[in-house]
Amino acid sequence: MPEAIVRHDWSREEVAALFALPFNELLHRAHTVHRTHHDENAVQVSTLLSIKTGGCPEDCAYCPQAARYDTGVAAQKLMEVDAVLARAKAAKAAGASRFCMGAAWRGPKDRDIPKVAEIVRAVKDLGLETCATLGLLGDGHAQQLKDAGLDYYNHNIDTAPEFYGDIIHTREYQDRLATLEQVRDAGLKTCCGGIVGMGETREQRAGLLQALANLPEHPHSVPINQLVPVPGTPLGNAEKLDPFEFVRTIAVARILMPLSIVRLSAGRQQMDDAVQALCFHAGAGSIFYGEKLLTTGNPDTEHDRALFRRLDLHAMEVVEQADTVHADLMEAAPSGCGHGCGCSAAA
Ligand code: SAM
Ligand code: DTB
Ligand code: SF4
């Protein structure tokens, strides 16, 4: 394994300075980090399924599943194991290596956990990696899910700490950090990222990435979502982010968390193929694959297969990553470019 600097002390100024680099310089540095630590032609492929849809009591301003917004999403109770299994088999047959299950809960109740655990066990038995995103976890939940065969838990910090209160009022940033701690303590791999294009400033995008990179462990998987504006939500008319700013966000995430897998997450259906190609060049190494995210659209699988062919990309079989993406695994003296980003570019 090549040397990497896994830092947890990024300052806002350092992150902002990366965002402010000339575009070509930023992409060069990010791509250099990417190919130093990852196969630049391999993309991890995950398929999402909403196993419990809509009717959520929370007020996340971006979310079509919040009961309080009129978005046309019909509430559905937790799916039965067999129905989930059929979807997981189809995802595997279509080429996904990970199956991510989402529930529109503030968090699961104690009584929900055995049901979700049964689902996780069945999906894991198919030979798929498993991921769940169920909201805030209570005592013992993470461990029970781990025991059932869960590999990853997704819980996003969503945005910069100082912008969070503009987007969500029904739970605190601190609550999210507590759930992430439970996830780490149970030995689950973390999937944690955020959303851009919600009206935040570049400084706040830098704040989101700074907060992710300064977590006690870098998340194994870092989903960078572009807001999917859904009519009826408070952000339904949000102004679209400049696509190059989205690419910059991927690139900076790549540099800050060199061993993590950065996911080009929600928003691909609204994105040109050329912008996606730039995201892959900038260090995105994962996508959601399948015609639906949770409730909104995603590119057709045939379109994605063609995109992979056109870009000479291939699907990663199973992620080979250390159990923890942690400083003491990879500590090394600053080298290469001299910016502490771990890349091998000359200064
Ligand atoms: N209810 C759980 C929770 O909020 O933690 C799990 C599911 S929730 C839908 C998972 C994540 O999806 C959110 O944290 C958010 O980052 C992302 N998300 C939801 N709506 C989105 C949208 N319209 N555009 C982009 N990302 C979105
Ligand atoms: C993540 O960061 N993005 C995914 C997954 N984790 C759960 C969800 C995107 C949801 C987009 C809106 C929807 O389809 O409802
Ligand atoms: Fe509920 Fe999750 Fe949507 Fe927030 S993001 S409203 S918690 S489903």
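Keep in mind that the numbers below use all heavy atoms, side chains included, and drop hydrogens, waters and symmetry copies. Numbering of ligands and ligand atoms starts at 1, following listing order. Predicted model, so just to flag it, every value in this text is computed and none were measured.
Within the 4.0 Å heavy-atom criterion, neither part of Pro229 lies near ligand 1. Under 4.0 angstrom from ligand 1, the non-hydrogen atoms of Asp158 all belong to its side chain.
The single protein non-hydrogen atom nearest to atom 12 (O) of ligand 1 is Asn156 ND2, 4.5 Å, given as residue, atom name and distance. In this structure, atom 27 (C) of ligand 1 lies nearest to the protein heavy atom Ile195 CD1, 3.7 Å. In terms of protein heavy-atom proximity, atom 8 (C) of ligand 2 is closest to Leu294 CD1, 3.8 Å. For atom 20 (N) of ligand 1, the closest non-hydrogen atom of the protein is Tyr62 CD1, 3.3 Å. Nearest protein heavy-atom neighbour of atom 8 (S) of ligand 3: Ala104 CA, 3.6 Å. Of the protein's non-hydrogen atoms, Thr133 OG1, 4.0 Å is the one closest to atom 10 (C) of ligand 1. Annotation: atom 24 (N) of ligand 1 to nearest protein heavy atom, Val228 N, 3.0 Å. For atom 5 (C) of ligand 2, the nearest protein heavy atom (residue, atom name, distance) is Phe288 CZ, 3.7 Å. Looking from atom 8 (S) of ligand 1 to the surrounding protein, the closest heavy atom is Leu294 CD1, 4.5 Å. For atom 12 (C) of ligand 2, the nearest protein heavy atom (residue, atom name, distance) is Thr296 OG1, 3.6 Å.
The environment of CD in Glu80 is sparse: at most 12 heavy-atom neighbours from other residues, nucleotides or ligands sit within 6.0 Å. More than 12 heavy atoms of other residues, nucleotides or ligands shown are found within 6.0 angstrom of CD on Gln143.
Between Gln65 and ligand 2, not a single N/O pair is under 3.5 Å apart. Where the criterion is an N or O separation shorter than 3.5 Å, residue side chain and backbone included, Arg171 meets it with respect to ligand 1.
Near Asn154, meaning under 4.0 Å from any of its heavy atoms, are these atoms of ligand 2: 6 (N), 7 (C). Of all atoms in ligand 2, listed by their number and element, those nearer than 4.0 Å to a heavy atom of Pro64 are 15 (O). Counting atoms of ligand 3 from 1 in the listed order, those under 4.0 Å from a heavy atom of Cys63 are 3 (Fe), 5 (S), 6 (S), 8 (S). Those atoms of ligand 3 that come under 4.0 Å of a heavy atom in Tyr62, given as number and element, are 5 (S). Which parts of ligand 3 touch Glu58 is read off a 4.0 Å heavy-atom cut-off, strictly below it: atoms 1 (Fe), 4 (Fe), 6 (S), 7 (S). Close approach of ligand 1 to Trp105 (heavy-atom distance below 4.0 Å) involves ligand atoms 1 (N), 2 (C). Within ligand 2, the atoms closer than 4.0 Å to a non-hydrogen atom of Pro223 are 2 (O), numbered from 1 in the order shown. Remark: ligand 2 atoms within the under-4.0 Å shell around heavy atoms of Ser265 are 1 (C), 2 (O), 3 (N). For ligand 1, the atoms lying closer than 4.0 Å to a non-hydrogen atom of His155 are 5 (O). Short contacts between ligand 3 and Arg171, defined as distances under 4.0 Å to a heavy atom of the residue, involve ligand atoms 2 (Fe), 4 (Fe), 7 (S).
Across Trp105 and Cys56, no two heavy atoms sit closer than the pair C-SG, 4.0 Å. For Leu293 against Asn298, the heavy-atom pair with the smallest separation is CD2-OD1, 3.7 Å. Closest heavy-atom contact between Pro216 and His8: O-CE1, 3.4 Å. Nearest heavy atoms, Gly199 versus Phe163: C-CZ, 4.0 Å.
Ion pairing between Arg305 and Glu302 holds under the 4.0 Å rule for side-chain N and carboxylate O. Contact check on Asp273 versus Arg310 returns a salt bridge, with a Lys/Arg side-chain nitrogen under 4.0 Å from an Asp/Glu carboxylate oxygen. For the pair Arg184 and Glu217, the salt-bridge criterion is not met [side-chain N within less than 4.0 Å of a carboxylate O]. A salt bridge is defined here as a Lys NZ or Arg NE, NH1 or NH2 lying under 4.0 Å from an Asp or Glu carboxylate O, and Asp112 with Lys52 fails to meet this definition. Using a cutoff of 4.0 Å between basic side-chain nitrogens and carboxylate oxygens, Arg268 and Asp304 are scored as salt-bridged. The residues Glu129 and Lys124 are annotated as not salt-bridged, no charged nitrogen and carboxylate oxygen being separated by less than 4.0 angstrom.
For atom 5 (O) of ligand 1, a protein heavy-atom neighbour is found at a distance under 4.0 Å. The protein reaches atom 14 (O) of ligand 1 closely, with a heavy atom under 4.0 angstrom from it.
The distance from atom 4 (Fe) of ligand 3 to the nearest N/O/S atom of Cys60 is under 2.8 Å. Taking 2.8 Å as the threshold, Cys56 does not count as a candidate ligand of atom 3 (Fe) of ligand 3, since none of its N, O or S atoms lies below it.
Here atom 7 (C) of ligand 2 lies nearest to Thr133 when heavy atoms of Leu227, Thr133, Asn156, Thr53 are compared. Compare Asn225, Val230, Thr71 by their heavy atoms: the one nearest to atom 2 (O) of ligand 2 is in Asn225.
For the ligand labelled ligand 2, residue Tyr62 lies outside the 4.0 Å heavy-atom shell.
In this structure, Cys60 and Ile168 have side chains that are in contact, with non-hydrogen atoms separated by less than 4.5 Å. Counting heavy atoms from C-beta on, the side chains of Tyr69 and Pro234 come closer than 4.5 Å.
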